[in-house]
Amino acid sequence: MPTSTRPARRERLHTCRTTGTDMLRTHTCGELRASHAGKEVTLCGWVHRRRELGEVIFIDLRDRYGITQVVAHAKNNAAAHAALGDARSEWVLQVRGTVRPRPEGTKNPKLSTGEIEIVANSVTILNQSKTPPFYVNEDTEIEETLRWKYRYVDLRRERSRELMRLRHEVTNFMRNFFVERGFWEIETTMMIRSDPTGARDFVVPSRYFPGKFWALPQSPQQLKQILMVGGLDKYVQIARCFRDEDPRADRIYELTQLDVEMTFAEPNDVMEILEACYTAVFEKFGKKPLHGKPWPRMTYDDAMRRYGSDRPDTRFSMEVVDLTDAVRGTSFGVFKEAIASGGAVRAICVGGKGDASRKDVDGWAAIAKTRGAKGLVSFAFAGSEVRSPVAKFFTADELSRVRSASGARDGDLVLAVAAEYRVASRSIGELRRHFGEAQGLVDGSTHHAMWIHRFPMFERTPEGDWTFSHNPFAGPLTDEDAKLLYSDPGKALSSQYDLVIDGAELGGGSIRIHNRAMQERVFEILGISKKDAAERFSALLDALEYGAPPEGGIATGMDRTLMVLAGLANARETIAFPKTQTGWDPMLEAPAEADPKLLEDLGLRVIAKPKD
RNA sequence: GGUCCCGUGGUGCAGCGGCCUAGCAUACGUCCCUGUCAAGGACGAGAUCGCCGGUUCGAAUCCGGUCGGGACCGCCA
């Protein structure tokens with residue numbers, strides 16, 4: 001047939017379906033086996049691949065459940081053969097046909113349906129598709145903006161589909177886990193009063209109250225506490241939270257929390273139930289075993305001392321060492337001054353890096369500086385030699401103490417930061433994290449889960465004010481700590497506990513303050529006056545006066561949990577409709593300007609011109 | 001607000017002052033092909049190298065700016 005007289009492929013009609021009442025499919029593309037041989041079936045799906053050999057055409061038909069091979073021979077069924085010949089990648093087909101065991105030698109062990117194929121009797125093209133913007137049938141890296149713009153195509157890819165499946169299954173498992181243990185899932189309101197304590201709020205203008213705004217919750221924290229005051233005893237929610245802060249690889253605007261709250265609970269009650277839940281989740285859905293059961297509990301002090309972090313990655317050792325005593329008498333000005341003002345010299349020993357160049361050390365110094373270090377000092381040990389830019393300020397005795405305190409062997413490099421204890425520790429901790437990756441020290445064969453507890457209730461800001469280390473509602477750990485709120489708040493320990501897996505902070509919680517006077521005292525320490533507190537937290541503070549029970553809970557980040565479970569480098573892939581790092585949604589092209597009439601109703605006028 | 005990295009046919013990469021009339025793979029189109037399964041074969045179409053400006057005899061390549069993306073700092077109770 002001359003091509004010029006044939007209608008274009010797109011215009012040719014096979015059996016073109018519009019609407020109907022009969023069943024569209026009898027089976028999915030993942031379920032047919034040799035035992036179905038001889039059955040008349042109808043499948044629907046997308047054209048995954050097409051192999052045209054002339055008189056015979058094979059099509060891999062794909063849906064969420066799997067892939068099934070469809071075959072048509074020109075001699076046996078010209079219409080079906082022609083339809084399959086016209087079909088292209090991602091066209092949507094309905095195939096009616098007979099299940100047939102594949103001829104010997106043509107079975108495909110790579111497919112769960114590889115024992116059989118469908119001999120097409122009739123093929124209906126349910127819809128056509130433009131050539132997709134990227135591959136659906138290959139797992140290649142595609143620029144994210146393009147994936148998000150065409151997310152409906154991207155979601156058909158195995159990688160994306162399996163992540164959606166994982167998210168669904170984990171979420172569902174967690175929900176059931178708590179529901180089975182007597183927790184009620186209660187939805188909390190999404191339009192609340194703005195509370196400028198934490199992150200920047202996303203804000204929703206009110207039409208009935210022009211000039212006033214709701215805020216989207218950064219978390220249901222106050223609401224879940226109020227639910228406990230309401231006597232509902234045990235609450236769970238897979239809760240959406242909104243934070244208008246600059247996104248990062250592990251931070252998105254809309255995060256999802258597993259949010260749990262329990263009445264009459266001690267820290268141990270919360271930790272035990274969460275540990276049980278996460279252990280089950282990681283054993284059921286993780287790719288690697290969990291190391292250490294029950295989970296180790298490490299104090300915040302130990303975490304800072306040994307790992308220079310409140311979320312230590314214990315999958316490798318290289319622990320932080322303290323050189324303060326070893327160099328206490330040094331004439332090296334930077335160290336001397338740091339120690340004199342109550343600071344510390346903190347260090348790590350990097351194996352085999354004794355030959356590091358000045359440039360290497362400068363690069364590591366830059367990493368240390370991101371955590372507040374002013375500089376980084378190196379000591380390279382080789383035989384009896386010590387190579388260091390500052391060697392002349394140290395006596396042989398001091399240098400040998402540095403070596404023994406750090407456990408350096410021949411060819412090792414000791415990197416040290418002198419500063420206020422926490423700054424020095426965090427700087428070295430960040431370097432430790434870097435070397436763990438860079439030197440391949442991380443044991444990637446297991447997950448390391450742990451609890452960090454015994455946090456201080458307050459930390460000093462650089463300005464010298466107090467800020468809370470968890471949230472302003474976390475109660476003191478013991479009665480002693482409660483007393484310290486009035487005498488020496490800096491020494492008070494919090495009931496807070498953090499859940500850390502593989503060096504990622506997946507969540508945290510505490511036992512809440514359930515007494516108005518104590519809550520107000522905490523606000524006072526934080527520099528929030530009674531009047532301000534009464535205005536900003538009126539509901540919660542009032543509730544504390546109406547029989548608020550002791551209670552506590554925890555919230556964990558679902559997105560980060562999924563990242564760790566699936567071994568992902570960023571959280572965007574774990575959600576169905578991600579945005580870019582600047583918060584732009586390439587699919588919906590949002591945010592966008594609002595209708596001027598709507599703005600008028602809301603009593604709003606746009607002052608800043610949007611960027612073009 | 002800041003630092004760093006990246007923008008080359010639809011997609012993923014290479015090229016990093018003249019050998020570029022921009023290369024490779026794949027996708028796409030037409031044709032051939034009766035057992036393929038990442039089918040195979042033949043032919044073909046498709047990119048002013050994100051954008052603007054500068055340096056140079058000459059710029060995809062160097063410089064500045066800008067836009068977009070990513071990683072990070074600030075920020076994230």
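Proteins get letters first, then strands, A, B, ... in listed order; numbering begins at 1 in each. Model, not experiment: these values are computed from the prediction.
- At a cut-off of 3.5 angstrom, the base of B:rC33 holds no donor-acceptor pair with the side chain of A:R51.
- Heavy atoms of A:R100 sit under 4.0 angstrom from at least one base atom.
- Mapping A:P103 and A:N471 onto RNA chain B by nearest heavy atom places A:P103 closer to the 5' end of the strand.
- Minimum atom distance to the side chain of A:T106 is reached by B:rU36, of the listed B:rC73, B:rC76, B:rU36.
- Across all strands shown, B:rU48 remains unpaired; no Watson-Crick or G-U wobble contact has both distances below 3.5 Å.
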- [ ] Give the B/S/- string for nucleotides 10-16 of chain B, one per nucleotide from 5' to 3', where a protein heavy atom under 4.0 Å of the base yields B, of only the sugar-phosphate yields S, and otherwise -.
- [x] BBS----
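- Listed candidates were B:rU36, B:rC72, B:rU26. Nearest to the side chain of A:A249 is B:rC72.
- Between B:rA47 and B:rC28, the distance separating the two C1' atoms is 15 Å to the nearest Å.
- Positionally, the nearest nucleotide of RNA chain B for A:W584 lies more toward the 5' end than for the other of A:H470 and A:W584.
- With hydrogens and angles left out, the side chain of A:R251 and the base of B:rC76 share a donor-acceptor pair within 3.5 Å.
- Rounded to a whole angstrom, the distance from the C1' atom of B:rC49 to that of B:rG44 is 23 Å.
- Around atom CZ of A:R460, more than 12 heavy atoms belonging to other residues, nucleotides or ligands sit under 6.0 Å away.
- Within 4.0 Å (heavy atoms only), A:K107 reaches at least one base atom of the nucleic acid.
- On a pure distance criterion of 3.5 Å, a polar donor-acceptor pair joins the side chain of A:R248 and the base of B:rG74.
- With sequence neighbours left out, the ring-ring contact (aromatic ring centres under 6.0 Å, His included) criterion links A:F134 to no other residue.
- Between B:rG69 and A:T580, a contact under 4.0 Å exists linking OP1 or OP2 to a side-chain N or O.
- No hydrogens or angles were tested; on distance alone, nothing pairs the side chain of A:R243 with the base of B:rC75 as donor and acceptor under 3.5 Å.
- If you check B:rG74 for Watson-Crick or wobble pairing at under 3.5 angstrom, you find it has no partner at all.
- Between the side chain of A:Q69 and the base of B:rU36 there is at least one donor-acceptor pair of N/O atoms closer than 3.5 Å.
- A salt bridge links A:R572 and A:E144; the closest N-O separation between the charged side-chain nitrogens and carboxylate oxygens is under 4.0 Å.
- In this model, a side-chain donor or acceptor of A:R102 finds a partner on the base of B:rU36 within 3.5 Å.
- For the pair A:R193 and A:W214, the NZ or CZ position fails the cation-pi test of under 6.0 Å to the six-membered ring centre and within 45 degrees of the ring normal.
- The P atoms of B:rU26 and B:rA38 are separated by 14 Å, rounded to the nearest whole Å.
- Using N1 to N3 plus N6-O4 or O6-N4 for Watson-Crick, or N1-O2 and O6-N3 for G-U wobble, each under 3.5 Å, B:rU36 pairs with nothing.
- Phosphate proximity of B:rA71 to A:R572: present, with a side-chain N or O under 4.0 Å from OP1 or OP2.
- When the options A:R49, A:K110, A:R51 are evaluated for a salt bridge (Lys or Arg N to Asp or Glu O under 4.0 Å) with A:D60, the one that passes is A:R51.
- Rounded to a whole angstrom, the distance from the C1' atom of B:rA77 to that of B:rA14 is 49 Å.
- In this structure, A:S89 reaches the sugar-phosphate backbone alone: every heavy-atom distance under 4.0 Å involves primed, P, OP1 or OP2 atoms, never a base.
- Residue contacts for A:N570: at a heavy-atom cut-off of 4.0 Å it reaches the sugar-phosphate backbone alone, with no base atom in range.
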